[in-house]
Amino acid sequence: MNTLRFRRTALAVATAAVLPFALAACSDSGSGSGKDSAAGAAAAASAGASSPDADASAPMTSDGPFGAACAGVPKEGAGSFDGMAKDPVATAASNNPALSTLVAAVKQAGLVDTLNNAKDITVFAPTNDAFAKIPKADLDKVLADKATLTKILTYHVVGEKLTPKQLENGSFATLETGKVTTAGSGESYKVNGTSNVVCGNVPTANATVYIVDTVLMPK
């Protein structure tokens, strides 16, 4: 009888000793599985954050128009950035109130079709204020002389689309056959050392436009 009681006691002790380890093992296994799931979720989230689709959208802002004068561009309609992107360059410029003097000069020189039909060009477009820097008598004289006006206007056109990166230290042939030089970085660029880009990298259907604050004069 005592022997039987001893065996039952020993069995109970053994069971009590083994059971916590079994439970602990199950607990570790469960928490390990949870940790693995959490780690997997974290890895998936990390992978999603660094996916090509997420990265692809990052540079879009730096590829768009820049400069203080861009704030004056209409937000909607044909004269907005979206509207200008749909039209060839001379038409796009005609919808921008700040370029009305340039547009009048282009019409006077008979260059509307030339600019609208050109492929992949860059136009340095002087603002109305840029033309206002020229004494009125001199400007009227130029506007009345088609050959001189054409020479000046085509000097503002480069036969390729230029990126801001290319403007950092560039020299480019113009349709007038002269050269313009550019320098700068970030959102600050000068053309020929005197004319500031006030709203740059503006897309049109066939051109990239850099609006400048001084009329460029061929040498």
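Numbers here are sequence positions counted from 1.
The shortest side-chain heavy-atom distance between Phe66 and Cys199 does not fall under the 4.5 Å cut-off. Proximity of Ser195 to Pro126: side-chain heavy atoms (C-beta onward) are nowhere separated by under 4.5 Å. Taking the side chain as every heavy atom from C-beta outward, Phe124 and Thr182 approach each other to under 4.5 Å.
Scanning for salt bridge (Lys or Arg N to Asp or Glu O under 4.0 Å) contacts around Asp140 gives Lys136, with sequence neighbours left out. Residues that satisfy the side chain to side chain donor-acceptor pair (under 3.5 Å) test with Gln166, not counting sequence neighbours, are Thr163. Every salt bridge (Lys or Arg N to Asp or Glu O under 4.0 Å) that Lys165 has, sequence neighbours left out, goes to Glu168. Not counting sequence neighbours, Thr177 has no partner by the side-chain contact (heavy atoms from CB on, under 4.5 Å) test. Taking the salt bridge (Lys or Arg N to Asp or Glu O under 4.0 Å) definition, one finds that Asp120 meets it with Lys161, sequence neighbours left out. By the side chain to side chain donor-acceptor pair (under 3.5 Å) test, Thr148 is found to be paired with Asp145, residues two or more places apart in sequence or in another chain being considered. For Asn116, the side chain to side chain donor-acceptor pair (under 3.5 Å) partners two or more places apart in sequence, or in a different chain, are Thr91. Residues forming a side chain to side chain donor-acceptor pair (under 3.5 Å) with Ser100 (at least two apart in sequence, or on another chain): Asn128. With sequence neighbours excluded, the residues satisfying side-chain contact (heavy atoms from CB on, under 4.5 Å) with Val157 are Leu115, Ile121, Val123, Leu175. Not counting sequence neighbours, Lys190 has no partner by the salt bridge (Lys or Arg N to Asp or Glu O under 4.0 Å) test.
The two residues Tyr155 and Lys179 have their closest heavy-atom pair at OH-O, 2.7 Å. Taking every heavy atom of both residues into account, Ala207 and Val89 meet most closely at CB-CB, 3.8 Å. Nearest heavy-atom pair across Ala105 and Leu153 is O-CD1, 3.5 Å.
A donor and an acceptor atom, one from each side chain of Asn201 and Tyr189, are nowhere located under 3.5 Å apart.
The distance from the CG atom of Asn96 to the CG atom of Leu102 is 10.0 Å, given to the nearest 0.5 Å. Atom CG of residue Leu111 and atom NZ of residue Lys146 lie 8.0 Å apart, to the nearest 0.5 angstrom.
Looking only at distances, a side-chain donor or acceptor of Thr154 sits under 3.5 Å from a matching main-chain atom of Thr150. A donor-acceptor pair is defined here as one N or O able to donate and one able to accept, closer than 3.5 Å; no such pair exists between the side chain of Asn192 and the backbone of Thr194. Side-chain N or O atoms of Thr122 include one that pairs as donor or acceptor with a backbone N or O of Glu160 at under 3.5 Å.
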> Gln108 and Leu149: side chain to side chain contact (heavy atoms under 4.5 Å, CB included), yes or no, with the steps?
Replying inline: CA-CA 8 Å; Gln108 184 73 15; Leu149 182 60; 3.8 Å; yes

>> As a quick check of understanding, evaluate side chain to side chain contact (heavy atoms under 4.5 Å, CB included) for Thr204 and Asp87, giving each step before the final call.
In response: CA-CA 6 Å; Thr204 73; Asp87 290 323; over 6 Å; no

>> One pair to check against side chain to side chain contact (heavy atoms under 4.5 Å, CB included): Phe172 and Leu167. What are the steps and the verdict?
In response: CA-CA 9 Å; Phe172 308 100; Leu167 299 189; 4.2 Å; yes

Table please: side-chain donor-acceptor pairs of residues 73-84 below 3.5 Å, with sequence neighbours left out.
{"unit_1": "Ser80", "atom_1": "OG", "unit_2": "Gly77", "atom_2": "O", "d": "2.6"}
{"unit_1": "Ser80", "atom_1": "OG", "unit_2": "Gly83", "atom_2": "N", "d": "3.1"}

Donor-acceptor contacts, no H, no angles, side chain residues 209-219, under 3.5 Å, sequence neighbours left out:
{"unit_1": "Tyr210", "atom_1": "OH", "unit_2": "Leu162", "atom_2": "O", "d": "2.7"}
{"unit_1": "Asp213", "atom_1": "OD1", "unit_2": "Asn196", "atom_2": "N", "d": "2.8"}
{"unit_1": "Asp213", "atom_1": "OD2", "unit_2": "Asn196", "atom_2": "ND2", "d": "3.1"}
{"unit_1": "Thr214", "atom_1": "OG1", "unit_2": "Lys133", "atom_2": "NZ", "d": "3.0"}

